[in-house]
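Throughout, numbering of the chain's residues begins at 1 and tracks the sequence. Counting convention: from 1, in listed order, for ligands and their atoms alike.
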Amino acid sequence: MIESLLTRPVHKVPDRVRFDGRVLFLTESPELLKRQLAGEDLPFDPHAPVGSPSHPKLRDNISTDEITPAYICYYFDETLGDFPYLGLKAGDEFPIVRGSVRAGHFVAAVSGKRRGKGSSREQSPYAELVAGIRLVIAENIERIYRENCQNLGVFTSTDFDLIERVRRGEEIPLTEFTKDEGGISRGIIEYGGLFNYNLARLQGKVSVPKVNTPRRPMTIAEKIFARHWVADPATGAIGVPAVKPGDQGFVRTDIRFSHEYVTPMAAIFFDQLVGPNEPVNDPGSVFFFRDHLTFLDQVMRPEHVQMGLLDVANQLETKQREFAVAKGIKLYGQLDHRLNLHGALAAAGSEAICHSKILEAHAEPGRVIIGSDSHTPHAGAVGCIAFGVGTTAIFNSWITNDVRVEVPPSFKVVVRGQKPPNITAKDFMLEILRHPYIKNGEAIGQIIEYAGEAVESLSVDERATMTNMAAEVGAFTGIIAPDDRTVAYLVAQRGMTAAAARALCNGLTSDPDASYVKVIEIDASTLRPMLALPGDPGNGLYVDELPGEVRVDIAYAGSCTAGKKEDMDMYARVFAEALERGERVADHVRCFIQCGSREVFEYCQARGYDRIFAEVGATFVEPSCGACINAGPGVSRTKDEVTISAINRNFPGRSGPGQLYLASPYTVAASAIAGRIVEWTTGPGERDAANTDALVHA
Ligand code: SF4
């Protein structure tokens, strides 16, 4: 316990709030956006027909990539207030420019469905806050983004009738923002953010409501929450008999991790609010990663270098490394240096992408893991509750080990039957993501539990593709019950005994009569290779439904989602077949293979995949997030360039300005050879490679 926090003054915000400023409608029309930035206040009647003059169509699916594009997140202080919505696409335009939101004196920002989807970056609501936005109104709001808003003291609402009240300058009762919230979220809003709420909690000024849920049939996720529930903060007692959706409280985490995009801002919050000389609680269970920006120097646009952004970005690495050393925290850093094109020292890749290493080395069935990244559910592949949180939650977890949760409802996706040999977990996910339940945002904040024979037949690597992409679903997390394959994985990967691995899995199944808010069934045997058209991972269609030929310029095979050992098996298999036929990567295609970790890189070397990749004409790149975050080899340069990529999301600008199609590792490799988007086909009677290889990688 940090003693100085126990006597720190802490106050609630007033019980009525007034929002002095204008309302910014994030419209589909670039013209309407420009007129607002020029000073015009648009008429808005939420009850008028959408698209009428008094109810302009608002943008749906505004991702955090659009609120603060990746390069904006190199900043980790109030400079961020110059940049909100710089990546916001309206029509074919990006109407919002540096400083225009601040200059417009906006206090509220209004949009449509699924506000804040995508990455968990807290830079987005922080940029909005320091630009003057104190209230976010949208039809529905993604969980992490909404929590980040609350943690920072930004108000959120789905009530469009508030708009007129804000415009009238009305004092709005705080209860308008707390009435639908449970005890903890309400407390956080009342105290103006998570840190102040935690201060009040530690000082005994607020009491966290006790969970007294009687024993009931539970899902696997609920069982893990119950085991980790902070039952009594005073005594440190952990565990309650049962929880149910809606229960609010704190859970004790087993692992907390962050990467260089987030650690520096969290470290600044820690230094400023807790104190630079105070220790981090239990540093042995905290991990830092230098994974997102190790190749940035190779691809940063000259104008961005001239703006000083490379220097700003490099400060992220320095700040994280210094904080790690000061607090005794394990940092998975960058690899030995190489000389860049200008003869300066530059990084040669990362030890690992955070999710890859957490799964390879740390995650165990039944654990609770939080990470500063929306794809933290990756570790759910071995039966963890792993979820992304924002900067404020990470820095608060350094103080207490705890993280606040409201137990989400669970829904189940059952993938039955036997999949065709050229179908992978990525195809499952692109099929799931186009389901109306997900596209309409109904799954936001829920837990997605994957089950069924086709899921059980997948390796842990392939399962991780599915749990990883719970982020694209908008889910709280994704989880798969551990089984014999999980045990085999822990034995092979970690050197555990089978008995020890089995003991971890004990009791980690959903009860037969556990309740789900929705069950979606998919027949794997009917699936064909999938694509997501540019713009959103939910834009799925079968490859054979493409209306015409799509020539590709770039094929990118990497990232946390698609840089695992089994992904490498898939690329190598397609490329080895091509070489046997005397084919190579098409002349006009630039093809990149990038591993999720040094361990996967060495696996490729041991199996001779590096030679296959070289022979076929693909560039084998050291591990890093790289092109997935628009920061490494494989990014597009113009909006006409077409990329076929195995990464997990294709929001506008995610990997450069071009047209980004998502697909499975097989489809990416086959398309690299063909020079256009094609599916990979196996000969008649061929085995399902993914299923049989699964036994190798278990
Ligand atoms: S590889 Fe892409 S999705 Fe994965 S952690 Fe890195 S940036 Fe995020």
*Output yes when a side-chain donor or acceptor of Gln446 lies under 3.5 Å from a complementary backbone atom of Glu442, and no otherwise.*
yes

*Answer whether the closest heavy-atom distance between the side chains of His375 and Arg649 falls below 4.5 Å.*
yes

*Does any N, O or S atom in His355 come within less than 2.8 Å of atom 4 (Fe) of ligand 1?*
no

_Please determine whether a side-chain nitrogen of the Lys or Arg among Asp569 and Arg607 lies less than 4.0 Å from a carboxylate oxygen of the Asp or Glu._
yes

*Where does Asp291 meet ligand 1, judged by heavy-atom distances below 4.0 Å: at the side chain, the backbone, both, or neither?*
neither

*Quick one: nearest non-hydrogen protein atom to atom 6 (Fe) of ligand 1, plus distance?*
Cys625 SG, 2.3 Å

_With the threshold set at under 4.0 angstrom, would you say Arg654 reaches ligand 1 through any of its heavy atoms?_
yes

*Which atoms from ligand 1 have a heavy atom of Asn648 less than 4.0 Å away?*
3 (S)

*Does the side chain of Gln123 reach to within under 4.5 Å of the side chain of Ile72, using non-hydrogen atoms?*
no

*Provide, to 0.1 Å, the distance between atom 4 (Fe) of ligand 1 and the closest protein heavy atom, together with that atom's residue and name.*
Cys560 SG, 2.3 Å

_Sidechain N-carboxylate O distance under 4.0 Å for Glu602, Arg598_ = yes

*Evaluate the side-chain proximity of Val473 to Met429: yes if any heavy-atom separation is below 4.5 Å, no if none is.*
yes

*Which of these, Ile438, Asn539, Asn648, sits in a side-chain contact (heavy atoms from CB on, under 4.5 Å) with Leu433?*
Ile438

_Protein residue, atom and distance nearest to atom 2 (Fe) of ligand 1, heavy-atom basis_ = Cys628 SG, 2.3 Å

*Which of the atoms of ligand 1 are close to His375, meaning less than 4.0 Å from one of its heavy atoms?*
3 (S)

_For Ile629, the ligand 1 atoms whose distance to one of its heavy atoms is below 4.0 Å_ = 7 (S)

_Heavy-atom contact check, 4.0 Å cutoff: does Ile647 meet ligand 1?_
no

*Before accepting this row, confirm whether a basic side-chain N of the pair Lys319/Glu260 lies closer than 4.0 Å to the acidic partner's carboxylate O.*
no

*Classify the contact between His292 and ligand 1 as side chain, backbone, both or neither, using a heavy-atom distance cut-off of under 4.0 Å.*
side chain

